[in-house]
Amino acid sequence: MPPRALKPVGVVLVDKPAGRSSFALVAELRRRTGARTGHTGTLDPFATGLLVQLSGAATKLGPCFVGLDKRYVTDIDLTSRTTTADPEGETTEKHEPPAESELEQSLARLRGEIELPIPAASAVKIGGERAYRLARRGITVEMPLRRSQVHALDVIAYTGDTVRLGLHVGSGTYVRSIADALGGHCLTLRRTAVGPFGVEEAAPERWLSVADALGRLPAHAVARVPAGVRERVLAAEAEDDAAAGGR
């Protein structure tokens with residue numbers, strides 16, 4: 001099969017392990033299929049959980065999957081901050097953890113529509129260069145604020161030094177920024193859902209059909225791609241399935 005082919009066509013849900021980059025998993029699927037491959041939103045290397053991949057002609061539907069709400073579970077160390085707000089950074093501050101009542105007050109301020117600085121270790125460009133590359137060279141810059149929507153921010157477990165939170169957030173929300181706002185840093189981060197897709201559905205050999213995937217998305221998300229493009233992708237998938245005898 002030629003590189004960057006438009007077939008096979010489909011949506012692949014992957015449960016990313018810790019230590020692997022999102023790009024490595026995309027490249028792995030590309031090598032396996034020989035098809036054009038993309039993703040709908042990265043996860044940091046230390047994070048785990050749902051990565052939605054698009055194969056072949058389905059990559060043209062990327063805008064339909066961008067902007068979906070996300071769900072996460074994170075463990076936060078409340079006793080220290082790091083340069084990256086995750087376990088990969090250097091410790092910049094150590095302190096006593098907040099009392100449970102203080103923690104709840106802080107959580108209350110982080111629900112709803114909020115503005116927080118983008119993490120310095122993010123892929124956002126500052127002056128034309130990725131922020132994480134500047135951070136690796138020890139260059140400190142003032143990170144821009146990002147407006148985010150936090151639909152739910154719930155305590156799952158609390159030990160005093162650490163807290164496990166369940167989050168339902170709008171697209172573009174940095175959980176590491178929330179951890180830093182609480183005076184801590186993420187120890188773990190797991191994405192459990194992207195829009196209507198859950199990590200429990202993830203399986204390397206299981207492909208969702210484009211028709212099924214689009215049928216689960218809200219109408220406004222589907223409408224981000226012109227109807228003609230969607231029809232051509234569905235036609236390509238139908239041809240692919242007919243040639244393969246169905247996946």
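Bear in mind the structure is a predicted one, so any value in this text is a computation, not a measurement.
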- Message: For a salt bridge (Lys or Arg N to Asp or Glu O under 4.0 Å) check, start with the C-alpha distance between Glu102 and Arg109, then their side-chain angles and the critical distance, and finish with the verdict.
- Response: CA-CA 11 Å; Glu102 294 174 320; Arg109 290 192 292 269; over 6 Å; no
Flag side-chain contact, heavy atom, 4.5 Å: [X] against [Y]:
| X | Y | answer |
| --- | --- | --- |
| Val9 | Leu234 | no |
| Leu107 | Leu182 | yes |
| Val11 | Trp207 | no |
| Thr40 | Phe197 | no |
| Leu6 | Arg36 | yes |
| Leu54 | Val12 | no |
| Leu189 | Asp86 | no |
| Val169 | Asp69 | no |

For the pair [X] and [Y], find out whether any cationic side-chain nitrogen is under 4.0 Å from an anionic carboxylate oxygen.
| X | Y | answer |
| --- | --- | --- |
| Glu90 | Arg81 | no |
| Glu115 | Arg146 | no |
| Glu201 | Arg216 | yes |
| Arg190 | Asp75 | no |

Indicate if [X] and [Y] have the same hydrophobic cluster label, given that clusters are the connected sets of ILVMFWY residues with side-chain heavy-atom separations under 4.5 angstrom.
| X | Y | value |
| --- | --- | --- |
| Tyr174 | Val163 | no |
| Tyr158 | Val73 | no |
| Leu153 | Val175 | yes |
| Leu61 | Leu50 | yes |
| Val194 | Val66 | no |

Might you point out which heavy atoms bring [X] and [Y] nearest each other, and give the distance in Å?
| X | Y | value |
| --- | --- | --- |
| Thr173 | Ser148 | OG1-CB, 3.3 Å |
| Thr48 | Pro17 | CG2-C, 4.0 Å |
| Ala47 | Lys16 | O-NZ, 2.7 Å |
| Val210 | Glu237 | N-OE2, 2.7 Å |
| Leu116 | Ile114 | CD1-CD1, 3.6 Å |
| Thr91 | Ser80 | CG2-CB, 4.2 Å |

Between [atom1] of [X] and [atom2] of [Y], what distance do you get to the nearest 0.5 Å?
| X | Y | atom1 | atom2 | value |
| --- | --- | --- | --- | --- |
| Arg176 | Ile76 | CZ | CD1 | 12.5 Å |
| Thr82 | Leu187 | OG1 | CG | 9.5 Å |
| Glu93 | Thr83 | CD | OG1 | 12.5 Å |
| His168 | Arg111 | NE2 | CZ | 14.0 Å |
| Tyr72 | Cys186 | OH | SG | 10.5 Å |
| Leu51 | Ser22 | CG | OG | 5.0 Å |

Where the side chain of [X] meets the backbone of [Y], is there a donor-acceptor pair that is under 3.5 Å apart?
| X | Y | answer |
| --- | --- | --- |
| Gln53 | Leu25 | yes |
| Glu239 | Ala236 | no |
| Asp15 | Val199 | no |
| Thr37 | Ala35 | yes |
| Asp44 | Phe46 | no |
| Ser55 | Pro8 | yes |
| Thr74 | Thr188 | yes |

- Task: Assess whether side chain to side chain contact (heavy atoms under 4.5 Å, CB included) is satisfied between Val155 and Leu165, documenting all intermediate values.
- Result: CA-CA 5 Å; Val155 175; Leu165 300 175; 3.9 Å; yes
- Task: Tell me, with the steps shown, if Thr159 and Asp161 meet side-chain hydrogen bond (donor to acceptor under 3.5 Å, both in side chains).
- Result: CA-CA 6 Å; Thr159 68; Asp161 287 348; 5.9 Å; no
- Task: Take Asp240 and Lys7 through the test salt bridge (Lys or Arg N to Asp or Glu O under 4.0 Å) and record every step on the way to the result.
- Result: CA-CA 7 Å; Asp240 187 24; Lys7 296 177 184 177; 5.9 Å; no
- Message: Is the distance from the ring center of Phe23 to that of His39 below 6.0 Å?
- Response: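 Yes, the ring of Phe23 comes within the 6.0 Å limit of the ring of His39, centre to centre.
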- Task: Would you tell me whether Thr192 and Arg71 have side-chain atoms, one donor and one acceptor, within less than 3.5 Å of each other?
- Result: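 The answer is no; no qualifying pair exists.
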- Regarding Asp180 and His185, is there a side-chain donor-to-acceptor distance under 3.5 Å anywhere?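 Side-chain D/A pair, Asp180 to His185: absent.
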- Item | Other residues, nucleotides, ligands: >12 heavy atoms within 6.0 Å of Arg164 CZ |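 Atom CZ in Arg164 is not crowded, with 12 or fewer foreign heavy atoms closer than 6.0 Å.
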- Message: For a side chain to side chain contact (heavy atoms under 4.5 Å, CB included) check, start with the C-alpha distance between Arg232 and Lys60, then their side-chain angles and the critical distance, and finish with the verdict.
- Response: CA-CA 10 Å; Arg232 288 192 290 274; Lys60 297 180 180 180; 5.6 Å; no
